[in-house]
Structures are given as C-alpha cells and as structure tokens.
Colleague: 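To start, I am sharing the structure in question, which I have written as structure tokens.
Every number for a ligand or one of its atoms is a count from 1 in the order of the listing.
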Amino acid sequence: MTDPIDAHLTQAISDNLENIRATIASESTRALIEPVPEPALIAVSKRQPSERIQAALTAGHRVFGENKVQEAQEHWEGRKTDYRDLELHLIGPLQTNKVGAAMALFDVIQSVDRVKLLDKIAHIAERDGHCPQLFLQVNTGEEDQKSGVLPADLPALIEHAQSLNLPVKGLMCIPPQSDDPALHFAFLKTLADRYGLKGLSMGMSGDYAIAALMGATHIRVGTAIFGARDT
Ligand SMILES: *Cc1c(COP(=O)(O)O)cnc(C)c1O
C-alpha cells in the first residue's frame, strides 16, 4: 500500500496499543482462574481509514479483526504480500455465499453460529485442503437481533463441528449493551470449560480489562486503538 508513514499517527496508535497490552497483561495475571497465556490483542480495523491501519502496521502490530468480508478484502488483500505474518480474524456475521472468500482471506473465523455454515466450511475445506481456525459465536444474552448460537443449541453445534472434523478452537460473545459484561464473560468461560474449548474471544474497547480478568484469550479492540470509526 502506498500510504505515506505519518510519524505522529504511528506514535499515537503505538501508545494506545502499548497501554492496552499492558492493561490486558496485568489483568490477565490477576485472573481469578488458572493462569492463562497473555491474551492476543486483535486490532479491529473495520471502518478505519487506511492511514490508521498503516500506522498500526508500522507500529509493529500484526493481528487484526474485520466484520465484513468485502471491506476486509479492500483493507488486506494488497497488504498480505507485504506483511506475511499478518493474522486476520473475521468477527462479523458470515453469509453462506461469502464462506469461500472468507476462508481464502482469514486465518480465524470467529462468527460461526449455525450448522449450514459448518457444512459449507467443511465442504470448501475438503476441496481446498485448508481450513481457518474456528470460534463459535454464542448469543449469551439471547437477543433477537444478535447473531450467535443460543446457549441451548451450542452442544449440537459443537457435536456437528466435531463430526466434520473442523478445527473449533473456542467461543466468542458480544454481551448486550445494557448488561454487566462480566456475567456474560463468566458464562462464556463456563461453556468453554464444559466443552473442553481453550479459546475465549471476549472484550472490546469498553470492557477489555474485565475480559482479561475473566480469562479471555482473544480481545477485540477497535476505537480504543484507532479512534472513532467512519460512519
Ligand atoms: C466492532 C467490533 C469490535 C470492536 O469494538 P470497539 O468498541 O471499537 O472496540 C469488537 N468485536 C466485534 C464483534 C465488533 O464488531
């Protein structure tokens, strides 16, 4: 990509990354559970201007999250050749007709929430001989408008993934705005433990410290790193 390097912007984003990483690291060592490795910080670059993404790369960050396949292609397809150690996570809802494109671009798909999606992923994985790591998104607040499998339907989804030999690494949730996120993080941890899954993707700009304290392995932060998104 051809963005000129903006030293001030790079410094600002570098400082944000450093501060958040330090908070996450110290909170996760205070975690009330058995010790976990330092959580991965996923910089959520959706609807961020190209120069801010470039600044994060210049600051040395390599792990990014996007919530739309097409926008992610615009942000990352060109950069993938320049930055071979990128790790890209899909954190937004996935339509069945975008599965192929998503599997070609992303290293991790965190928003798997239904049998049809698992079937499609398995089909393409068989064809291409390659499958991203998968997280199952759980609708812990049982909100109508939110994607994610309902907690009651999670066991069947996990069984289905296992029957297809798919690499399910963990669970992901987005708590309802109005609830105490800690309750949802604790619930997600309970579910992950019950099914023997190690990955826990939880926490955003407003609650990443709590998520780290509750045992998150992956934390998805956008605005606290990059500033407000384009609307
Ligand atoms: C946008 C988004 C985030 C980041 O949100 P911020 O509040 O900007 O940190 C995290 N997770 C998901 C699923 C998102 O869509």
Side-chain angles (χ1 to χ4, degrees), residues 9 12-24 27 39-50 52-53 55-56 59 61 63-76 87-95 98 102 105-114 117 132-149 169-182 184-185 187-189 192 199-231:
L9 184 60
I13 287 181
S14 181
D15 289 347
N16 292 345
L17 284 162
E18 199 45 54
N19 291 334
I20 294 167
R21 223 180 268 126
T23 301
I24 287 172
E27 289 304 299
L41 175 57
I42 300 169
V44 179
S45 46
K46 68 181 184 199
R47 301 197 333 261
Q48 292 291 351
S50 188
R52 293 187 195 165
I53 296 174
H61 200 75
V63 185
F64 293 87
E66 293 280 351
N67 74 336
K68 292 210 166 85
V69 175
Q70 192 187 328
E71 187 193 4
Q73 288 171 325
E74 286 159 20
H75 282 166
W76 297 106
E87 184 181 305
L88 300 179
H89 294 247
L90 178 63
I91 59 173
L94 178 57
Q95 295 166 288
K98 300 257 173 72
L105 182 66
F106 289 99
D107 302 286
V108 185
I109 298 179
Q110 297 202 1
S111 47
V112 179
D113 63 356
R114 58 200 189 275
L117 212 44
Q133 295 191 353
L134 307 177
F135 281 58
L136 304 179
Q137 182 176 351
V138 185
N139 186 354
T140 55
E142 307 200 12
E143 296 171 283
D144 288 337
Q145 79 282 9
K146 205 162 266 174
S147 17
V149 62
K169 300 296 179 187
L171 302 178
M172 183 267 251
C173 78
I174 309 169
Q177 297 267 323
S178 54
D179 283 9
D180 180 346
H184 293 266
F185 298 160
F187 182 43
L188 198 71
K189 165 93 178 122
L200 275 179
S201 174
M202 53 194 204
M204 308 181 13
S205 289
D207 52 23
Y208 60 82
I210 301 165
L213 184 64
M214 308 292 292
T217 62
H218 295 72
I219 302 185
R220 315 173 308 264
V221 180
T223 48
I225 294 172
F226 293 108
R229 282 182 280 276
D230 290 342
T231 45

Colleague: Verify whether the ring centers belonging to His218 and Phe135 lie closer than 6.0 Å.
Modeller: yes

Colleague: Which atoms of ligand 1 are found less than 4.0 Å from any heavy atom of Met204?
Modeller: 3 (C), 5 (O), 7 (O), 9 (O), 10 (C), 11 (N)

Colleague: What atoms in ligand 1 come closer than 4.0 Å to a heavy atom of Arg220?
Modeller: 4 (C), 9 (O), 10 (C), 11 (N), 12 (C), 13 (C)

Colleague: Determine, step by step, whether Tyr208 and Glu27 satisfy the side chain to side chain contact (heavy atoms under 4.5 Å, CB included) criterion, reporting the C-alpha distance in whole Å, the side-chain angles of both residues, the deciding distance to 0.1 Å, and the verdict.
Modeller: CA-CA 9 Å; Tyr208 60 82; Glu27 289 304 299; over 6 Å; no

Colleague: I need the atoms of ligand 1 closer than 4.0 Å to a non-hydrogen atom of Gly222, numbered in the order shown.
Modeller: 4 (C), 6 (P), 8 (O), 9 (O)

Colleague: Drop me the distance from Arg47's CZ to Thr231's OG1, to the nearest 0.5 angstrom.
Modeller: 7.5 Å

Colleague: What is the closest protein heavy atom to atom 15 (O) of ligand 1, and at what distance does it sit?
Modeller: Lys46 NZ, 2.7 Å

Colleague: List ligand 1 atoms under 4.0 Å from Thr223, heavy atoms only on the residue side.
Modeller: 6 (P), 7 (O), 8 (O), 9 (O)

Colleague: Would Arg229 count as a contact residue for ligand 1, given that I'm defining contact as a non-hydrogen atom of the residue lying under 4.0 Å from a ligand atom?
Modeller: yes

Colleague: Going by the side-chain hydrogen bond (donor to acceptor under 3.5 Å, both in side chains) test, name the single residue among His89, Lys169, Gln137, Arg220 that passes it with Ser201.
Modeller: Arg220

Colleague: Suppose I only count heavy atoms of Val221 and a 4.0 Å limit; which atoms of ligand 1 are within that range?
Modeller: 9 (O)

Colleague: Calculate, to the nearest 0.5 Å, the distance between atoms NZ and OG1 belonging to Lys146 and Thr140 respectively.
Modeller: 7.5 Å

Colleague: I'd like to check which ligand 1 atoms, numbered from 1 as shown, lie under 4.0 Å from a non-hydrogen atom of Ile174.
Modeller: 13 (C)

Colleague: Check the surroundings of atom NZ in Lys68: do more than 12 heavy atoms from other residues, nucleotides or ligands lie under 6.0 Å from it?
Modeller: no

Colleague: Against heavy atoms of Ser205, which atoms of ligand 1 measure under 4.0 Å?
Modeller: 6 (P), 7 (O), 8 (O), 9 (O)

Colleague: Drop me the distance from Leu88's CG to Trp76's CH2, to the nearest 0.5 angstrom.
Modeller: 6.0 Å

Colleague: Around atom 12 (C) of ligand 1, find the nearest protein heavy atom and jot down its residue, atom name and distance.
Modeller: Ile91 CD1, 3.4 Å

